[in-house]
Amino acid sequence: MKKTIRKAVFPVGGLGTRFLPATKAMPKEMLPVVDKPLIEYAVEEAKAAGIEEFIFVTGRGKSAIEDHFDHSWELETALAKKGKTEELEASRASLLRPGQVAYTRQQDPLGLGHAVWCARRITGDEPFAVLLADDLVMADEPCLSQMIEVYNETGGNIVAVMDVPRSQTDRYGILDVVSEEGRLAKARGLVEKPKPDEAPSTLSIIGRYILQPEVMQELGRQQTGAGGEIQLTDAMARTIDRVPFHGLRFAGTRFDCGSKEGFLEAQIAFALQREDLGGAMAEILSRYCVDARVAAS
Ligand code: G1P
């Protein structure tokens, strides 16, 4: 019987330098797509997949995230007084139940692997999920739910994967694929951010993981890799001969909200899907497209 995935780790300690000045005094994970912060999309995805404990690995200047998942008494009282029930609901939607949430800090920026390792006492000897809020996935069935379904069959470590253009392999963890069956890829190795001409494939990891405690033990060795950082990809790679490893080509669209282009595309895609905004967004887009064509001609 595979152990249920009850816990999820959200590494939210990163500096967000690519979005300066917006992220000077605000965590990048609080940047909204339409009207919801990136981190809330990730938490909602985890909730939908049955996660019961939410572990945030934060850092200096990230307290807005803690406040976001808590009551805002002044706001709630004011909204209640004015009878603004819809807004009150929206403000309360992000609440996590008492004791369901834990915050720990990554004191030094030593890499994604190090951030995850900072949560080791809270994950204990259980398998757990990791969600990177920068990677926003639009899917009929939430990406983590798809992964848990697979995990219930295969066990082991599972990552969400997609093909990227070869010129971009140096932005991702890349699988050295041995075989593929349906949407599942088996790998014999993983490489963090290889140069395009050295990448073993173009199948890359996006920010969704299901990990076994063995990965935490590997992270505990504190070995550094690409960029001099402690890499999660390396720790998974070092368990590949004893822990089953699969990449799942998830069904859905991933937006790289760590880049400006991906972030802007997400705004458009998510707005178009909304009942209250889809029509307006389509109209705005067609207007700008005409303008762009006129400008280009
Ligand atoms: C991290 C991981 C990388 C993964 C990527 C997905 O990189 O190290 O393996 O492919 O997330 O977004 P980062 O984007 O933090 O540089």
Side-chain angles (χ1 to χ4, degrees), residues 8-19 23 27-29 31 33 38-39 41-42 45 57-59 62 106 108-119 129-139 143-144 147 157-177 185 187 189-196 198-211 215 218-219 223-240 245-250 252-263 265-266:
V9 176
F10 302 85
V12 291
L15 290 177
T17 47
R18 274 191 272 177
F19 278 91
T23 49
K28 63 172 176 165
E29 296 78 9
L31 290 171
V33 168
L38 281 170
I39 187 64
Y41 284 96
E45 183 181 327
V57 183
T58 70
K62 297 282 182 163
Q106 181 189 25
D108 302 294
L110 300 178
L112 176 61
H114 179 259
V116 170
W117 178 75
C118 288
V130 176
L131 294 96
L132 308 185
D134 277 2
D135 281 318
L136 179 56
V137 184
M138 182 186 270
C143 183
L144 187 62
M147 294 167 71
N157 294 328
I158 301 184
V159 293
V161 294
M162 60 183 264
D163 274 305
V164 296
R166 186 161 275 278
S167 58
Q168 293 178 8
T169 56
D170 57 359
R171 300 186 197 169
Y172 299 94
I174 302 287
L175 274 67
D176 185 355
V177 180
L190 305 167
V191 193
E192 178 68 8
K193 304 197 169 93
K195 291 191 190 123
E198 288 166 9
S201 79
T202 55
L203 200 55
S204 68
I205 301 173
I206 68 135
R208 299 289 182 281
Y209 308 76
I210 290 177
L211 299 173
V215 176
E218 278 300 327
L219 288 171
Q223 284 185 27
T224 52
E229 295 187 339
I230 299 171
Q231 298 291 355
L232 187 54
T233 302
D234 297 344
M236 290 188 298
R238 288 197 295 268
T239 67
I240 224 160
F245 179 92
H246 291 94
L248 170 68
R249 289 179 188 271
F250 63 99
T253 309
R254 170 255 189 182
F255 299 91
D256 175 11
C257 291
S259 78
K260 286 176 195 165
E261 295 80 359
F263 183 66
E265 190 180 341

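Residue numbers start at 1 and run along the sequence shown. Atoms within each ligand, like the ligands themselves, are counted from 1 in listed order. Here the structure is a predicted model, which means the values were calculated and not measured.
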Could you tell me whether some N/O pair between [X] and ligand 1 is separated by less than 3.5 angstrom?
X: Asp135; result: yes
X: Leu132; result: no
X: Gly173; result: yes

4.5 Å side-chain heavy-atom contact, Val9 and Tyr209 | no

Check whether any side-chain heavy atom of Cys143 sits under 4.5 Å from a side-chain heavy atom of Glu45, and report yes or no.
-> yes

Would you find a donor on one side and an acceptor on the other, under 3.5 Å apart, between the side chain of Arg249 and the backbone of Leu203?
-> no

Could you list the residues that satisfy ring-ring contact (aromatic ring centres under 6.0 Å, His included) with Phe255, not counting sequence neighbours?
-> Phe270

re atom 4 (C) of ligand 1, the protein heavy-atom contact at minimum distance is Ile205 O, 3.5 Å

min-distance protein heavy atom vs atom 14 (O) of ligand 1 -> Arg171 O, 4.5 Å

Check whether any heavy atom of Thr233 sits under 4.0 Å from an atom of ligand 1.
-> yes

If you measure from CG on Asp134 to SG on Cys257, what distance do you get to the nearest 0.5 Å?
-> 7.5 Å

Scan the protein's non-hydrogen atoms and note whether one is under 4.0 Å from atom 8 (O) of ligand 1.
-> yes

Closest heavy-atom approach to atom 13 (P) of ligand 1 among Glu192, Met162, Lys193, Glu229 is made by Lys193

Proximal atoms of ligand 1 relative to Leu112 (non-hydrogen, under 4.0 Å) | 1 (C), 2 (C), 8 (O)

Is the number of heavy atoms from other residues, nucleotides or ligands within 6.0 Å of CD (Glu229) greater than 12?
-> yes

Kindly write out the residues that satisfy salt bridge (charged side-chain N to carboxylate O under 4.0 Å, His left out) with Asp234, not counting sequence neighbours, or none if the list is empty.
-> none

Structural part of Asp134 in contact with ligand 1, heavy atom criterion under 4.0 angstrom | neither

